[in-house]
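The structure under discussion appears below in the form of structure tokens.
All of these numbers come straight from a predicted model, not from anything done at the bench. Numbers here are sequence positions counted from 1.
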Amino acid sequence: MTTLRHLAAAALLAGAAPAAPPPHAVILFIGDGMGTGQVAAARAYLGRPLHFEEFPFAAVVATEPAGGGIPESPAAATAIATGRRVNNTVVARAIPGDGSDLPTALEFHRDRGRRTGLVTTSYLLDATPAAFGAHANTRSDYAGIAAHYLATNGPDLLLGGGLLLDPTTVAAAGFTVVTDRDSMAVAATSGVARLAGVFGASTMPYEVDGYGSLPHLREMTDAALRFLGRGDAPFFLMVEGGKIDLACHGQSILYCTHEMLEFERAVDVAVAWAGGRTNVLILVAADHETGGLQIVADNGPGALPTVSWSSTYHTADRIRVHAAGAGANRIVWSDHLADLHGILVEPAFPPPAVRALQAPAGGDAMALSWTALSGRVYRVESAPDPGAATWTEVGAVTSAVNEMLSHPLPAPDGAPRFYRVTGDPP
Ligand SMILES: [Zn+2]
């Protein structure tokens with residue numbers, strides 16, 4: 001039997017695309033360990049899809065680090081932040097490679113005069129935020145990560161758990177430091193230049209265990225949007241639901257589900273903030289799946305589903321990403337976490353309605369796959385040259401729902417062929 005090779009990430013030749021103004025704000029959510037099972041668990045508990053599942057654009061992406069295998073958070077977050085696959089414990093450095101600092105999406109926006117922020121329910125020096133705001137050969141170089149954060153060109157906003165981060169040192173670096181919910185809410189609108197919420201000396205609590213005077217993820221998100229967006233300034237914000245992963249390492253469907261519910265609430269805060277703006281991009285991603293979580297039985301709204309776990313560690317399962325707002329349609333061509341980087345840093349350019357794939361001569365039979373929107377007709381076309389004026393239709397597909405579509409391509413006959421999917425521009 002011939003293996004179908006999916007070409008969505010291979011040898012892409014982008015068509016011309018018209019320029020559009022860059023979005024006012026780019027807001028990235030990352031659910032650490034949030035695979036499709038984690039989303040399904042929350043969906044079962046709520047008895048409805050999560051609101052971000054109903055964003056207009058989605059893609060299913062691979063998460064492997066450089067060299068393949070099971071991802072760790074540093075490599076997965078680095079892929080999103082920099083567009084490069086690195087070794088598992090590396091934070092935004094070219095390893096393998098020359099070891100240089102890889103420019104991050106946060107730095108891209110910073111260098112264009114936009115304000116930047118990092119929010120997490122894990123600890124601030126943990127791998128996911130670090131991959132956006134720091135560079136290190138290993139995730140455990142906490143001193144190196146802290147030095148990047150506290151440098152004068154570091155993020156303007158840090159909100160998260162305080163493990164190994166001394167509030168006094170943070171304040172000495174020029175941040176206004178807050179340590180509870182109420183002081184955070186006041187400082188967020190007080191006009192201070194740089195704001196750090198150093199909440200406790202560990203990660204933030206689990207939702208199930210209660211938050212006391214500390215801010216929930218939705219409250220940190222609200223404060224971040226008020227702080228970064230004040231005066232209608234453009235900004236980049238990364239918000240991590242960091243404890244979904246930890247709950248799933250412990251194989252607790254109770255803890256996992258309630259972390260997921262809070263993650264959805266945080267996304268909802270951003271959606272409400274964006275309101276009627278058309279120039280805000282909201283991207284909801286995960287870094288990898290944790291636990292091999294599967295739903296065995298949906299026990300109805302308000303009840304935890306019956307589940308199975310296959311691991312106490314991460315898996316290499318593909319994860320779903322969702323996008324809404326300016327440039328969100330570009331997500332549909334993503335095949336790996338690293339493809340998301342381009343959406344975060346070049347959102348001024350909408351995706352080409354057409355991309356071409358080169359089918360190598362003598363290869364296996366292949367399939368073209370893409371994320372389709374409900375009700376649209378897609379035509380698969382072929383030409384001998386990507387610049388050909390005339391393309392020959394080799395098939396057409398209509399999507400009944402928003403889904404991944406795949407169309408088989410003929411086996412190469414010796415001559416390179418190029419294939420593309422056309423449809424109404426999203
Ligand atoms: Zn983990």
Side-chain angles (χ1 to χ4, degrees), residues 22-32 73-84 86 90-94 100-136 139 141-142 144-160 165 170 173-175 193-197 220-221 223-225 227-229 233-242 266 270 280-285 287 321 323 325-327 337-348:
H24 177 80
V26 174
I27 306 169
L28 168 65
F29 287 88
I30 298 178
D32 200 309
S73 289
T78 294
I80 300 172
T82 74
R84 288 276 296 271
V86 300
V90 175
V91 177
R93 282 213 168 120
S100 59
D101 290 354
L102 297 171
T104 75
L106 182 147
E107 293 165 344
F108 175 93
H109 290 278
R110 174 199 72 194
D111 293 345
R112 282 152 185 79
R114 300 168 197 157
R115 308 181 75 210
T116 63
L118 297 171
V119 174
T120 182
T121 51
S122 185
Y123 53 99
L124 281 160
L125 299 179
D126 203 359
T128 303
F132 289 84
H135 305 272
R139 69 184 299 170
D141 178 11
Y142 296 117
I145 291 166
H148 281 283
Y149 284 178
L150 302 183
T152 54
N153 66 350
D156 301 300
L157 173 78
L158 300 167
L159 300 176
L165 196 57
V170 178
F175 283 86
R194 297 178 86 186
L195 175 62
M220 292 196 287
T221 303
L225 294 169
F227 175 80
L228 294 173
F235 64 86
F236 172 86
L237 170 64
M238 193 288 297
V239 178
E240 182 196 23
V280 174
L281 172 64
I282 302 177
L283 180 59
V284 178
D287 54 353
V321 293
L337 290 175
D339 299 330
L340 302 178
H341 173 72
I343 296 154
L344 298 173
V345 302
E346 294 176 345

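A search for ring-ring contact (aromatic ring centres under 6.0 Å, His included) contacts involving H148 returns H135, not counting sequence neighbours. Qualifying side chain to side chain contact (heavy atoms under 4.5 Å, CB included) partners for T152, counting only residues two or more places apart in sequence or in other chains: none. Among residues two or more places apart in sequence or in another chain, the side chain to side chain contact (heavy atoms under 4.5 Å, CB included) test is passed with R115 by D156, F227, L228, R230, A233, F235. Every residue was checked against the ring-ring contact (aromatic ring centres under 6.0 Å, His included) condition with Y149, not counting sequence neighbours, and none meets it. With sequence neighbours excluded, the residues that form a side chain to side chain contact (heavy atoms under 4.5 Å, CB included) with A146 are L125, L165.
Panel note: side chain R110, backbone N153; a donor-acceptor pair is recorded below 3.5 Å. Proximity of a side-chain donor or acceptor of T121 to a complementary backbone N or O of G241 within less than 3.5 Å is not detected.
The two atoms that bring L28 and L344 nearest to each other are CD2-CD1, 3.9 Å, heavy atoms only. Nearest heavy atoms, P155 versus T116: CA-OG1, 3.3 Å. Nearest heavy-atom pair, R84 versus A94, reported as atom, atom and distance to 0.1 Å: NH2-CB, 3.6 Å. The two residues I145 and A136 make their nearest non-hydrogen contact at CG1-CB, 4.1 Å. Minimum heavy-atom separation, F29 to A266: CZ-O, 3.5 Å. In terms of heavy atoms, T82 sits closest to A92 at CG2-CB, 4.1 Å.
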Assess the residue pair D32 and S73 against the criterion (side-chain hydrogen bond (donor to acceptor under 3.5 Å, both in side chains)); give the C-alpha distance rounded to whole Å, side-chain angles, the decisive distance to 0.1 Å, and a yes or no.
CA-CA 8 Å; D32 200 309; S73 289; 3.1 Å; yes
Mind running side chain to side chain contact (heavy atoms under 4.5 Å, CB included) on T78 and V90 for me, showing each step along the way?
CA-CA 8 Å; T78 294; V90 175; 5.6 Å; no
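Looking at heavy atoms from C-beta onward, M238 lies out of side-chain contact with L106 at the 4.5 angstrom threshold. Residues V91 and D141 fail the side-chain proximity criterion, which asks for heavy atoms closer than 4.5 Å. The shortest side-chain heavy-atom distance between T128 and T120 does not fall under the 4.5 Å cut-off. Between F132 and I30, some side-chain heavy-atom pair lies under the 4.5 Å cut-off.
Listed by first and then second residue, the salt bridge (Lys or Arg N to Asp or Glu O under 4.0 Å) pairs involving residues 119-130 are D126-R139 (not counting sequence neighbours).
With values rounded to the nearest 0.5 angstrom, M220 atom CE is found 11.5 Å from L118 atom CG. How far CD1 of I80 is from CG of L337: 4.5 Å, rounded to the nearest 0.5 Å.
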